[in-house]
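These numbers come from a predicted model, not from an experiment.
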Number of protein chains: 2
Amino acid sequence: MYDSLMRPFKHPPVSDFILERLLYALSDPVRLEIVRRLAESGEASCGELDGGRPKSTMSHHFRILRDVGLVHTQTIGTTHMNSLRKADVDSRFPGLLDAIVSQKP
Amino acid sequence: MYDSLMRPFKHPPVSDFILERLLYALSDPVRLEIVRRLAESGEASCGELDGGRPKSTMSHHFRILRDVGLVHTQTIGTTHMNSLRKADVDSRFPGLLDAIVSQKP
DNA sequence: CCCATAGTTCGAATATTATCGAATTTTAGT
DNA sequence: ACTAAAATTCGATAATATTCGAACTATGGG
């Protein structure tokens, strides 16, 4: 009764991570930007990362990032705090995240 | 009059490579498998890499891989020989290809 | 209790993609 | 020339995604 209240989001276990799905999630410019921002800032709410885009659009992208295992979301008050599951991704796919996020535009 | 006959394919210059588009190209299981096979075998014809799939389907996937700059195709006789543009990809996105291709399933 | 805030969910329109058969092209061999 | 081989292009279909407004949910503050 703690989890269901504090974490209404499904976060897949590391063993369920699928490389192709991570790559797909990162192939969208909006989502890649989200991941980049999270990589440098540590964590951020949904609202901090929309670039003027509608909330429903952002919610959609965050869900995809969560579903593939890239992002962890926790509810804090009325805001949803997002962070990169870097250690998890690194353990399953060593070096992948850095190799992608560190690339220059 | 050499290029147009021997290379009917458009291969984008390195400066046109776009990270998101590479990731997208690699997010398809069929295409990722193609790239993996090319990475280890060096080069292969289209026919060698279909897994019983129709040629038109494979042709579609090869075109996407070419369009984003991952694969180079040259005509040799009646066959099209494909190879990874590893050096080109590495020069634009250092470490990216290895970090993806080397991941275990 | 009411209200504002933050974000999700729903629904629908639009767009993109994957797949594959059929027809076409190109090249090589006879 | 004719034919076979290899692969592309075309066309259609089915599946999936993106986007966004509108309605909804949950939380915290006054």
Point to revise | Listed nucleotide nearest any side-chain atom of B/R31, set D/dT8, C/dT8, C/dA18 | key: C/dA18

For residues 48-59 of chain A, please give each side-chain donor-acceptor pair under 3.5 Å, one per line with the distance, not counting sequence neighbours.
unit_1: A/E48; atom_1: OE2; unit_2: A/S45; atom_2: N; d: 2.8
unit_1: A/E48; atom_1: OE2; unit_2: A/S45; atom_2: OG; d: 3.1

Point to revise | Short side-chain N/O contact to C/dA18 OP1/OP2 from B/Y24, under 4.0 Å | key: yes

Review point. Residues from residues 35-52 of chain B sitting under 4.0 Å of DNA chain D, heavy atoms only?
Key: B/S45, B/C46, B/G47

**Study point:** side chain to side chain donor-acceptor pair (under 3.5 Å) involving A/R92 - partner list, sequence neighbours excluded
**Key:** none

Practice item. May I ask you to evaluate whether A/T57 reaches the phosphate of D/dC20, defined as a side-chain N or O under 4.0 Å from OP1 or OP2? Key: yes

**Study point:** Neighbours of DNA chain D within residues 58-67 of chain A, by heavy-atom distance under 4.0 Å
**Key:** A/H60, A/H61, A/I64

Practice item. Look at the side chain of A/T78 against the base of D/dG28 and say whether a donor-acceptor pair falls under 3.5 Å; ignore hydrogens and angles. Key: no

Review point. What pair of heavy atoms forms the shortest contact from A/L19 to B/Q103, and how long is it?
Key: CD2-CB, 3.8 Å

Point to revise | salt bridge (charged side-chain N to carboxylate O under 4.0 Å, His left out) pairs, two or more places apart, involving residues 94-105 of chain B | key: B/K86-B/D98

Using a 3.5 Å cut-off and no angle test, enumerate the donor-acceptor pairs between side-chain atoms of residues 60-68 of chain A and protein atoms at least two apart in sequence or in another chain.
unit_1: A/H61; atom_1: ND1; unit_2: A/R31; atom_2: NH1; d: 3.1
unit_1: A/R63; atom_1: NH1; unit_2: A/D67; atom_2: OD2; d: 3.1
unit_1: A/R66; atom_1: NH1; unit_2: A/T73; atom_2: OG1; d: 3.1

Review point. Reckon A/R53 has a side-chain N or O less than 4.0 Å from the OP1 or OP2 of D/dT18?
Key: no

Review point. Given side chains that start at C-beta, do those of A/N82 and A/C46 come closer than 4.5 Å, heavy atoms only?
Key: yes

